[in-house]
Participant: 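The structure's right below; bear with me while I get my questions together.
The model shown is predicted, which means the values in this text are computed figures rather than measured ones. Residue numbers begin at 1 in each chain, while the letters A, B, ... track the order of the sequences.
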2 protein chains.
Amino acid sequence: MQTEEKKYSPPGRIKIMNALSELMREKDFHSITTAEIAATAGVTEGLIYKYFKDKRDLLYQVLNGHFQTFHDHIVSKIQARKSSIEKLSVIIRTSMKSYAANRVFAKILLLEVRNSPNYFESDAYDMVKIYSRTILDIINQGMEAGEIRRDISAHALRQVILGSIEHACLGEVIFGKELDTDQVSEHICNIIFTGAKK
Amino acid sequence: MQTEEKKYSPPGRIKIMNALSELMREKDFHSITTAEIAATAGVTEGLIYKYFKDKRDLLYQVLNGHFQTFHDHIVSKIQARKSSIEKLSVIIRTSMKSYAANRVFAKILLLEVRNSPNYFESDAYDMVKIYSRTILDIINQGMEAGEIRRDISAHALRQVILGSIEHACLGEVIFGKELDTDQVSEHICNIIFTGAKK
DNA sequence: TAGATAAGTAAGTATTACTCACCAAGGTAA
DNA sequence: TTACCTTGGTGAGTAATACTTACTTATCTA
């Protein structure tokens with residue numbers, strides 16, 4: 001029953017995860033205390049450590065939940081598209097939209113987890129690797145299909161895509177700035193695919 | 001004497017800042033204790049709070065020091081270059097080189113500070129704004145000079161440049177992977193300036 | 001209906017960031 | 001010289017907070 005054990009979660013677990021998500025809307029992870037989490041969840045502090053190894057593990061599992069739906073959404077969006085350029089464009093636009101729509105998710109992913117080595121052992125990071133792999137595969141397909149230049153590095157292109165998405169969302173995530181995702185993603189695609197040089 | 005007051009630093013202050021830099025090579029900021037910092041600095045814990053508002057303020061000031069030399073280096077490197085494309089290329093290459101050469105600096109800048117709102121009030125962040133502004137100015141000059149397309153967003157181009165640099169260095173910073181900065185920066189410039197589409 | 005297992009509690013404990021009152025050594029002015 | 005002020009540094013605390021552990025209550029099933 002290994003596969004199913006993650007599906008059902010006791011109410012306390014859910015409440016704790018929701019509580020952290022809630023609190024992360026206003027505060028950064030470090031200034032949220034376990035007492036606070038327990039209080040907003042309506043459970044006792046000890047219960048947190050029944051379901052999570054430590055406070056950071058809770059964070060990773062919250063991220064994992066968010067990333068799961070994020071990734072499903074991305075996959076469903078690119079399915080219809082045929083060309084690789086189209087697919088990558090959709091990934092850029094959809095990712096930015098998701099980050100903008102779910103700021104807590106973006107905040108955790110972009111600002112809160114990467115500073116700790118344990119994150120890279122977590123289930124959440126496994127999801128990120130899959131997402132990242134998907135992009136690389138599309139790039140390679142695009143090269144084989146003759147849509148994308150073969151003389152550039154596929155890895156570098158992925159870095160450019162991922163970096164652009166993330167950096168473009170930083171202002172929004174950190175300062176709560178409004179972000180016109182359609183317009184900005186359009187601009188970014190334009191630069192990445194057709195180049196900035198005149 | 002406001003301008004000079006920063007120049008002279010008592011030995012204890014220097015030792016503390018060096019100690020944190022030292023410790024950050026092996027550990028992430030959160031798992032470094034103030035006791036540890038004081039011990040490696042050879043001073044007492046209380047002295048930290050004589051020179052720094054709190055543990056994070058110490059981190060910001062360490063970053064500020066690193067960023068100062070980083071920025072000076074960048075400025076000196078682009079001075080000789082005439083075209084904007086050249087200047088931006090140099091910025092990309094030099095930034096990546098600096099991040100790779102000084103991993104602690106990169107680690108602090110990319111992973112450790114952005115999660116806390118106070119950072120954005122710090123002197124270190126003021127330096128980042130200047131660096132960021134420099135890039136935007138170069139882009140605008142390039143547009144006026146007819147080197148860079150006018151129909152793309154200057155801000156978006158900056159995001160792409162900064163995001164690409166940072167994301168390309170993440171693997172190196174986090175996992176200590178080797179990174180051929182010359183080659184990777186070359187690839188990135190190629191993509192950004194001439195486009196990925198065939 | 002017994003008994004195992006899972007969900008949840010309550011009261012700790014050790015660690016750690018931070019404070020505060022104090023000491024020592026120049027430098028300056030009377 | 002002496003008095004005193006500023007600056008660099010100390011060391012013993014303190015409150016807060018992440019985490020533990022022994023316990024209770026509910027649920028399920030044989």
Participant: Give every donor-acceptor pair under 3.5 Å between a side-chain atom in residues 39-50 of chain A and any protein atom, sequence neighbours left out.
Facilitator:
residue	atom	partner	partner atom	Å
A:T40	OG1	A:E36	O	2.8
A:T40	OG1	A:I37	O	3.1
A:T44	OG1	A:G46	N	3.4
A:E45	OE2	A:T34	OG1	2.7

Participant: Using a strict threshold of under 4.0 Å (side-chain N to carboxylate O), is an ion pair present between A:R56 and A:D54?
Facilitator: no
Participant: D:dT20 C1' sits how many Å from A:K55 NZ, rounded?
Facilitator: 17 Å
Participant: So what does B:G12 touch, heavy atoms closer than 4.0 Å: a base, only the sugar-phosphate, or nothing?
Facilitator: sugar-phosphate
Participant: If the plane angle is over 60° it's perpendicular, under 30° parallel, otherwise tilted; pick one for B:F67 and B:F105.
Facilitator: perpendicular
Participant: Pick base, sugar-phosphate or nothing for A:T44, based on heavy-atom distances below 4.0 Å to the nucleic acid.
Facilitator: base
Participant: Rounded to whole angstrom units, what separation is found between the CD1 atom of B:I48 and the C1' atom of D:dG11?
Facilitator: 14 Å
Participant: What is the separation between atom CZ on B:R13 and atom C1' on D:dG8, rounded to the nearest whole Å?
Facilitator: 13 Å
Participant: Base, sugar-phosphate, or nothing: which does A:T33 touch, judged by heavy atoms less than 4.0 Å apart?
Facilitator: sugar-phosphate
Participant: In whole angstrom, what separates B:I14's CD1 from D:dG8's C1'?
Facilitator: 13 Å
Participant: What is the separation between atom CG on A:L59 and atom P on D:dA18, rounded to the nearest whole Å?
Facilitator: 13 Å
Participant: Between B:F52 and B:Y60, is the ring centroid distance below 6.0 Å?
Facilitator: no
Participant: Within the structure shown, what part of the strands sits under 4.0 Å from A:I32 by heavy-atom distance: base, sugar-phosphate, or nothing?
Facilitator: sugar-phosphate
Participant: With nearest nucleotide decided by heavy atoms, which residue, A:K50 or A:E45, maps closer to the 5′ end of DNA chain D?
Facilitator: A:E45
Participant: Please say whether more than 12 non-hydrogen atoms of neighbouring residues, nucleotides or ligands are located less than 6.0 Å from NZ in A:K77.
Facilitator: no
Participant: Which heavy-atom pair separates A:E112 from A:M24 by the least distance, and what is that distance?
Facilitator: CG-CE, 3.9 Å
Participant: How long is the line joining CG of A:D54 and P of D:dT17, in whole Å?
Facilitator: 17 Å
Participant: NA contact type, A:F52, heavy-atom cut-off 4.0 Å: base, sugar-phosphate, or nothing?
Facilitator: nothing
Participant: Of all nucleotides in DNA chain C that come within under 4.0 Å of a heavy atom of chain A, which is furthest toward the 5' end and which toward the 3' end?
Facilitator: C:dA7 to C:dA10
Participant: Between B:F120 and B:Y125, how do the two ring planes meet: parallel, tilted or perpendicular, split at 30° and 60°?
Facilitator: perpendicular
